[in-house]
Amino acid sequence: MKEKLERLEQEALKALEAADNPQEVQLLRVRYVGRKGAVTQCLRSISTLPPAERPLAGKLANEVKTRLEAAFKDSIEAFDTGRKRPDGALDVTLPGRPLAGGRLHPITQITQAICEIFLRLGFEIVEGPDVELDYYNFEALNIPKDHPARDMQDTFYVSENIVLRTHTSPIQVRVMERQSPPVRIIAPGKAYRVDSDVSHTPMFHQVEGLMVAENISMGDLKGVLTIFVHQMFDEETSLRFRPSFFPFTEPSAEVDIRCVICRGKGCRVCSHTGWLEVLGAGMVHPAVFEMVGYDTGRYTGFAFGMGIERIAMLKYGIDDIRKFYENNIRFLEQF
Ligand code: DAH
């Protein structure tokens with residue numbers, strides 16, 4: 001009898017410890033010290049013991065019952081007063097769980113950084129449609145019908161006269177059509193080409209720039225782009241203008257910056273040349289001005305276009321453009 005009572009008491013206390021809500025404690029109370037509870041039944045069976053054993057067994061059983069009743073009562077009180085809490089209940093005294101904050105995509109961040117620099121220089125930000133007329137994407141930019149950029153391989157055609165814009169340059173034309181000089185705009189946005197490898201994605205981003213007024217020269221272009229590069233990278237990053245060709249500018253240039261990875265010593269990123277091509281630019285071709293009705297005798301202007309992914313890759317040292325669009329949270333969280 002003594003052993004049985006001791007075992008029951010231990011068992012009950014252990015179960016009580018594990019109970020994590022008051023309902024469970026009630027059930028335990030009934031199971032052990034209720035009318036048909038295990039301890040209660042022990043008490044009842046004392047009358048079946050030999051008379052000599054009864055007083056001691058009775059005392060012990062009563063003690064166990066009293067202790068357990070007290071323990072159950074205490075536990076229910078603990079839940080009632082909040083000293084113990086049901087599983088999953090809100091503990092308002094605990095520190096809050098931090099929310100995993102989102103952030104801007106690295107391309108958005110770089111786009112904003114580029115825009116801020118040009119805004120400080122007095123440029124206005126404009127946008128244009130991604131789905132564009134052939135006229136604005138090609139024709140008005142002096143890109144003739146047989147130009148390779150129109151090739152079915154490069155351009156996403158929506159219909160014969162509608163394309164997904166292959167660059168942000170059509171925005172230049174749209175702005176000049178509705179506004180007379182002076183013009184000072186940049187136009188960030190998406191561009192599309194049938195192309196996909198480590199440095200090309202079918203959708204990518206460009207920023208177009210255009211400044212038109214009287215007496216705008218190549219010197220203004222160099223000045224503005226130099227300020228841009230110095231602010232985007234740093235003051236030590238020098239620029240190089242290489243003669244080039246674009247149908248909508250004359251003269252045209254490709255602009256390189258000193259390799260931001262090796263500082264010009266030559267590395268894998270700059271193909272051991274020490275220079276990185278970052279944008280195309282030039283003086284707006286008179287044929288483009290004629291398309292929008294600008295007086296070519298009075299106005300001159302410069303334009304430029306740069307790939308935002310390219311700038312982001314150089315800024316962050318990323319070697320595969322496709323990483324921007326894989327939605328890998330561990331990649332994106334780094335920016
Ligand atoms: N539109 C050209 C491209 O997609 C980039 C460009 C070059 C834009 C020269 C310009 C420019 O405005 O003057 O590659």
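For reference, positions follow the sequence shown, starting with 1. Ligands are counted one by one from 1 in listed order, and the atoms in each one are counted from 1 as well. Reckoned from all heavy atoms, side chains included, excluding hydrogens, waters and symmetry mates.
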Without hydrogens or angle criteria, can the side chains of R7 and Q10 be said to hold a donor-acceptor pair below 3.5 Å?
->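 No - no donor-acceptor pair under 3.5 Å links their side chains.
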Decide, yes or no, whether a salt bridge links R193 with D195 under the criterion of side-chain N to carboxylate O below 4.0 Å.
-> no
Between side-chain atoms of residues 202-216 and protein atoms elsewhere (two or more places apart, or another chain), which donor-acceptor pairs fall under 3.5 Å?
{"from": "H205", "atom 1": "ND1", "to": "E309", "atom 2": "OE2", "distance (Å)": "2.8"}
{"from": "H205", "atom 1": "ND1", "to": "Y325", "atom 2": "OH", "distance (Å)": "3.2"}
{"from": "Q206", "atom 1": "OE1", "to": "T168", "atom 2": "N", "distance (Å)": "2.8"}
{"from": "Q206", "atom 1": "OE1", "to": "T168", "atom 2": "OG1", "distance (Å)": "3.3"}
{"from": "E208", "atom 1": "OE1", "to": "T168", "atom 2": "OG1", "distance (Å)": "3.0"}
{"from": "E208", "atom 1": "OE1", "to": "S169", "atom 2": "N", "distance (Å)": "3.3"}
{"from": "E208", "atom 1": "OE1", "to": "S169", "atom 2": "OG", "distance (Å)": "3.2"}
{"from": "E208", "atom 1": "OE2", "to": "S169", "atom 2": "OG", "distance (Å)": "2.9"}
{"from": "E208", "atom 1": "OE2", "to": "Q172", "atom 2": "NE2", "distance (Å)": "2.6"}
{"from": "E214", "atom 1": "OE2", "to": "R298", "atom 2": "NE", "distance (Å)": "2.6"}
{"from": "E214", "atom 1": "OE2", "to": "R298", "atom 2": "NH2", "distance (Å)": "3.0"}

Does atom CD of E11 have more than 12 heavy-atom neighbours from other groups under 6.0 Å away?
-> yes
Could you pull out the N/O contacts under 3.5 angstrom between ligand 1 and the surrounding protein atoms?
{"from": "ligand 1", "atom 1": "1 (N)", "to": "H167", "atom 2": "ND1", "distance (Å)": "2.9"}
{"from": "ligand 1", "atom 1": "1 (N)", "to": "S169", "atom 2": "OG", "distance (Å)": "2.9"}
{"from": "ligand 1", "atom 1": "4 (O)", "to": "R193", "atom 2": "NH2", "distance (Å)": "2.8"}
{"from": "ligand 1", "atom 1": "4 (O)", "to": "Q206", "atom 2": "NE2", "distance (Å)": "3.1"}
{"from": "ligand 1", "atom 1": "12 (O)", "to": "Q172", "atom 2": "NE2", "distance (Å)": "3.0"}
{"from": "ligand 1", "atom 1": "12 (O)", "to": "E208", "atom 2": "OE2", "distance (Å)": "2.6"}
{"from": "ligand 1", "atom 1": "12 (O)", "to": "F304", "atom 2": "N", "distance (Å)": "3.4"}
{"from": "ligand 1", "atom 1": "12 (O)", "to": "F304", "atom 2": "O", "distance (Å)": "3.3"}
{"from": "ligand 1", "atom 1": "13 (O)", "to": "A303", "atom 2": "O", "distance (Å)": "3.2"}

Output all residues satisfying side chain to side chain contact (heavy atoms under 4.5 Å, CB included) with E24, sequence neighbours left out; order by chain, then residue number.
-> A19, D20, N21
L56: side chain to side chain contact (heavy atoms under 4.5 Å, CB included) partners, not counting sequence neighbours =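 Once residues adjacent in sequence are excluded, L56 has no partner under the side chain to side chain contact (heavy atoms under 4.5 Å, CB included) criterion.
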